[in-house]
Amino acid sequence: MHIEVNGLLGILLLVGDVYAIVSTAQSNRSTGAKVAWIVAILLLPALGFILWWLLGPRSIVRRSGL
């Protein structure tokens, strides 16, 4: 059971990291900021994802008419 839980957590982390990298690459930030975030996510997968989630580049969604 221990191996199955670790495997599931690893897959979830991989999916989260891929999402973070794709989202960062599509953001409006400068190339340097994008590269820095992607390198952080790749070198520190768990910590990089958490930092990206809390501090990373976000796209601003504007709603008209509200």
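Every value quoted in this text rests on a predicted model; they were computed, and no experiment measured them.
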Residues that [X] engages under side-chain contact (heavy atoms from CB on, under 4.5 Å), provided they are two or more places apart:
X     : result
Ala33 : Arg29, Ser30
Leu9  : Val5
Leu42 : Ile21, Ile38
Leu14 : Val18

**Contact check, side chains of Tyr19 and Ile41, non-hydrogen atoms, under 4.5 Å** = no
**Asked** Are side-chain heavy atoms of Asp17 and Trp52 found at a separation under 4.5 Å?
**Response** no
**Prompt:** Are Val15 and Trp53 in one and the same hydrophobic cluster, where Ile, Leu, Val, Met, Phe, Trp and Tyr link if side-chain heavy atoms are under 4.5 Å apart?
**Reply:** no
**Asked** Distance-only, no hydrogens or angles: does the Ser23 side chain make a donor-acceptor pair with backbone N or O of Ala20 under 3.5 Å?
**Response** no
**Donor-acceptor pair, side chain of Lys34 and main chain of Thr24, under 3.5 angstrom** = no
